[in-house]
Amino acid sequence: MIIAVASGKGGTGKTTISTALAEALEKPVQLLDCDVEEPNAHIFFNTENETKENVYVKVPQIAKNSCTLCGRCAQICEFNALAVIKEQVMVFDELCHSCGGCKLVCPEKAISEVDMQIGKLKRSTTDGITLIQGELDVGRAMSPPVIRAVKKHIKSKIINIIDCPPGNACPLVTAVSNADYVILVTEDSLFGLNDLLISIDTIKKMNIPMGVIVNRCGISEKSITEHLRKKKIDILLEIPENIGIAKAYSNGGSILSVVPSLKNQLVQIIAEISRGVYEANTHR
Amino acid sequence: MKQILIVSGKGGTGKTSITASLASYFESLVLVDCDVDASDLYLILKPEVQQTFDFISGHTAHILQKDCTQCSMCLNVCKFDAVKVGNKGTLCIDAIDCEGCGVCIWMCPQKAIEFPESLCGQWFFSNTRHGPMVHAKLAIGAENSGKLVSEIRGYATKIAKNQKKDIILIDGPPGIGCPVIASLTGVDCVVVVTEPTLSAIHDMERIIALAKHFGISTYVCINKSDINEELTQTIKKRIKVLDVELVGEIPYDTAFTRAQVQKKSIVEYSNGKTTQCIEELAQKLMSKII
């Protein structure tokens with residue numbers, strides 16, 4: 001089962017909830033940190049036995065002696081990553097989306113695909129929790145290929161928790177696609193609500209069932225939970241504002257160390273979600 | 001004309017609240033919200049929209065069922081798994097997964113795939129109580145957020161030139177990827193808003209590295225600095241090593257969210273210590289860029 005933990009607004013508690021879920025649930029469990037621009041889940045675990053590998057994307061390389069400068073590669077490229085300039089074809093690696101189009105259309109078979117490193121994958125296991133973290137190299141623009149590389153490690157027989165990137169654009173879509181359920185974490189503020197409603201529309205469009213955890217309840221005079229209930233949005237859990245949680249978080253400590261009763265609540269939420277996922281799958 | 005960008009790496013450290021507050025101290029100003037897929041600045045500044053523009057960017061493939069022979073060529077060449085097999089074996093393209101590369105269009109032997117331009121969102125030119133503002137709304141799950149950022153920044157520069165404004169103040173997106181890079185290019189200074197948490201420090205280091213990669217003057221402001229004094233000291237030591245100057249320190253204050261409800265920035269809402277700290281931040285920034 002794949003459970004994605006997401007939120008439009010940053011800093012609402014995605015990583016807090018993802019790491020608490022990994023801690024609370026029956027082992028083995030996998031935690032996939034797909035916030036590859038700013039991965040933080042590793043701060044909450046012992047990662048001494050970490051192994052690393054590089055993440056590559058394919059970019060074209062032109063064999064000059066076979067290239068006739070016909071320009072078909074530049075024509076097919078929608079991203080302006082290839083240009084015929086004077087006596088050679090220039091390749092702009094940064095703009096390449098690795099679609100493979102140029103190689104397919106080259107009549108001289110002068111294009112091969114070579115690896116370009118854009119990030120890293122780090123993997124460690126502690127107490128039955130396997131953490132797989134993607135990390136985009138600083139200066140690289142495209143995070144979706146790194147997110148896809150992390151998600152290749154999903155194991156179908158166990159629970160996989162995906163810690164998603166913030167926002168509602170393509171990194172989020174890449175992180176939640178194929179998830180069985182999305183837990184949206186919001187904070188109890190106007191900003192939180194505004195970004196949550198965009199996320200709800202995005203997840204709806206992707207046809208994935210979802211529920212909301214309202215974090216830091218009570219920080220604003222006007223709670224957003226009423227609004228969510230009116231819109232018939234499933235509220236899974238409300239976590240009251242607690243400076244102790246923020247303090248524990250600041251040092252890489254778990255929310256469960258501050259509020260131990262949350263453990264059973266999280267286990268129950270996941271049990272209910274998995275019943276729903278199981279039923280949906282048998283009806284399919 | 002100078003451009004100031006507010007970023008953080010980690011989300012939720014207070015970029016938007018601080019941007020909205022700074023707006024009170026700069027007299028000749030154009031505001032830009034570059035967090036195009038989760039924009040919140042408008043909630044505080046209540047912009048009156050003057051003009052709306054469509055953001056058309058890239059293309060999305062679409063199979064014409066009447067011409068399709070289900071040969072599966074598109075399915076085989078798509079590197080993004082965007083071609084799906086429907087229940088009757090018909091092929092269709094999932095617009096959300098489609099990268100817009102057009103390879104299927106070129107390869108389809110029946111020419112049965114269309115490639116219309118995609119409407120990826122809208123952007124707005126507005127008036128606020130602090131001056132003109134350019135902001136945007138990326139379409140649900142759309143791509144090209146970096147291009148949208150470049151487009152609205154380009155327009156903001158034009159407005160600033162025409163109206164002879166001194167400063168463009170930009171609320172940036174979280175992360176270090178494509179929309180952040182598009183927000184960074186060509187600005188005069190970057191303010192990294194961080195907080196004393198291990199996560200935020202980790203993320204601050206990455207955004208500072210990115211800003212330095214582009215050779216941009218970088219400053220740090222510590223928000224919620226009293227939630228962990230020890231880590232606040234860690235940040236100060238760390239940025240010294242990185243040769244980055246501290247320009248502000250703001251305490252944890254629940255008045256930020258209380259002000260939100262009244263659609264005000266904290267400096268418009270209270271005269272407390274936090275407001276003083278932000279005023280000092282504004283003065284310091286002013287002295288840095290002029």
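None of the values given here were measured: they were computed from a predicted structure. Every chain is numbered from 1 and lettered A, B, ... according to where its sequence line falls, protein lines coming before strand lines.
Using a 4.5 Å cut-off between heavy atoms, Pro39(A) contacts chain B through both its backbone and its side chain. For Ile203(A), no part sits under 4.5 Å from any heavy atom of chain B, backbone or side chain. For Ser98(A), the part lying under 4.5 angstrom from a heavy atom of chain B is the backbone only. Interface remark: Leu210(B) contributes backbone and side-chain atoms alike to the contact with chain A (heavy atom separation under 4.5 Å). Both the backbone and the side chain of Ile176(B) come within less than 4.5 Å of a heavy atom in chain A. For Phe256(B), no part lies near chain A; criterion is any non-hydrogen pair under 4.5 Å. Looking at Ala209(B), the atoms closer than 4.5 Å to chain A (heavy atoms on both sides) sit in the backbone and in the side chain alike. Residue Thr12(A): no heavy atom, backbone or side chain, is found under 4.5 Å from chain B. With a threshold of 4.5 angstrom between heavy atoms, Lys15(B) does not approach chain A through any atom at all. If you measure heavy-atom distances from Val36(A) to chain B, the contacts under 4.5 Å come from the backbone alone. Looking at Phe214(B), there are no atoms closer than 4.5 Å to chain A (heavy atoms on both sides), in backbone or side chain. For Ser143(A), no part sits under 4.5 Å from any heavy atom of chain B, backbone or side chain. Looking at Ile181(B), only its side chain comes within 4.5 Å of chain A, counting heavy atoms on both sides. With a 4.5 angstrom heavy-atom cutoff, Asp203(B) touches chain A via backbone and side-chain atoms both. For Leu43(B), the part sitting under 4.5 Å from any heavy atom of chain A is the side chain, from C-beta outward, and nothing else. Proximity to chain B (any heavy atom under 4.5 Å) is restricted, for Arg216(A), to the side chain, taken from C-beta onward. Using a 4.5 Å cut-off between heavy atoms, Pro196(B) touches chain A through its backbone atoms (N, CA, C, O) alone. In this structure, the portion of Glu241(A) lying under 4.5 Å from any heavy atom of chain B is its side chain and not its backbone. With a 4.5 Å cut-off on non-hydrogen atoms, Ile43(A) touches chain B through its side chain but not through its backbone. Within the 4.5 angstrom heavy-atom criterion, only side-chain atoms of Val173(A), from C-beta onward, approach chain B.
Under a cut-off of 6.0 angstrom, the local environment of CG in Asp226(B) is crowded, with over 12 non-hydrogen atoms contributed by other residues, nucleotides or ligands. Taking a 6.0 Å sphere around NZ of Lys151(A), one finds it holds more than 12 heavy atoms contributed by other residues, nucleotides or ligands. Crowding of Asp201(A) atom CG: a count of heavy atoms from other residues, nucleotides or ligands under 6.0 Å exceeding 12. No more than 12 heavy-atom neighbours from other residues, nucleotides or ligands sit within 6.0 angstrom of NZ on Lys222(A). Annotation for Lys52(A): atom NZ does not count as buried by contact number, only 12 or fewer foreign heavy atoms lying within 6.0 Å.
Looking only at side-chain heavy atoms (C-beta outward), Ile243(A) and Tyr252(B) come within less than 4.5 Å of each other. Between Val105(A) and Trp106(B), some side-chain heavy-atom pair lies under the 4.5 Å cut-off. Side-chain contact between Tyr249(A) and Ser199(B) is present, with at least one heavy-atom pair separated by less than 4.5 Å. At least one side-chain heavy atom of Phe191(A) sits under 4.5 Å from a side-chain heavy atom of Ile44(B). Residues Glu99(B) and His97(A) form a side-chain contact, since some pair of their non-hydrogen atoms from C-beta on lies under 4.5 Å apart.
Between the side chain of Thr257(B) and the main chain of Ile219(A), a donor-acceptor pair closer than 3.5 Å is present. Listed for the Glu143(B) side chain is no donor-acceptor partner under 3.5 Å among the backbone atoms of Cys170(A). Proximity of a side-chain donor or acceptor of Asn228(B) to a complementary backbone N or O of Ser250(A) within less than 3.5 Å is not detected. The closest donor-acceptor contact from the side chain of Arg206(B) to the backbone of Glu38(A) lies at 3.5 Å or more, if one exists at all. The closest donor-acceptor contact from the side chain of Glu37(A) to the backbone of Gly177(B) lies under 3.5 Å. Between the side chain of Asn194(A) and the backbone N or O of Ser39(B) there is at least one donor-acceptor pair closer than 3.5 Å.
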Derivation of the side-chain contact (heavy atoms from CB on, under 4.5 Å) call for Ile140(B) and Asn168(A): CA-CA 7 Å; Ile140(B) 299 294; Asn168(A) 297 299; over 6 Å; no
Asp195(A) vs Asp40(B), test: side-chain contact (heavy atoms from CB on, under 4.5 Å). Steps then yes/no. CA-CA 8 Å; Asp195(A) 300 345; Asp40(B) 291 332; 2.6 Å; yes
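The minimum heavy-atom distance linking Gly252(A) with Leu198(B) is given by the pair N-CD1, 3.8 Å.
A salt bridge does not link Glu195(B) to Lys247(A): none of the charged side-chain nitrogens sits closer than 4.0 Å to a carboxylate oxygen.
If you tally non-hydrogen atom pairs under 4.5 Å between each of Lys224(B), Lys10(B), His59(B) and chain A, the highest count goes to Lys10(B). Chain B forms more heavy-atom pairs under 4.5 Å with one residue of Ser7(A), Cys99(A), Ala246(A) than with any other, namely Cys99(A). Annotation: maximal heavy-atom pairing with chain B below 4.5 Å, among Ile76(A), Leu104(A), Thr202(A), Leu136(A), occurs at Ile76(A). Ranked by non-hydrogen atom pairs under 4.5 Å with chain A, the options Ile96(B), Val77(B), Leu138(B), Ile201(B) are led by Ile96(B). Between chain A and the options Leu231(B), Val36(B), Thr254(B), Asp97(B), the largest number of non-hydrogen pairs under 4.5 Å is found for Leu231(B). Among the candidates Lys204(A), Met206(A), His42(A), the residue making the largest number of heavy-atom pairs closer than 4.5 Å to chain B is His42(A). In terms of heavy-atom pairs under 4.5 Å with chain A, the best-connected choice from His213(B), Glu230(B), Met107(B) is Met107(B). For the set Gly8(A), Pro144(A), Pro165(A), Gly167(A), the entry with the most heavy-atom pairs within less than 4.5 Å of chain B is Gly167(A).
Of the inter-residue distances, the one linking Gln260(B) atom CD with Ser220(A) atom OG reads 7.0 Å to the nearest 0.5 angstrom.
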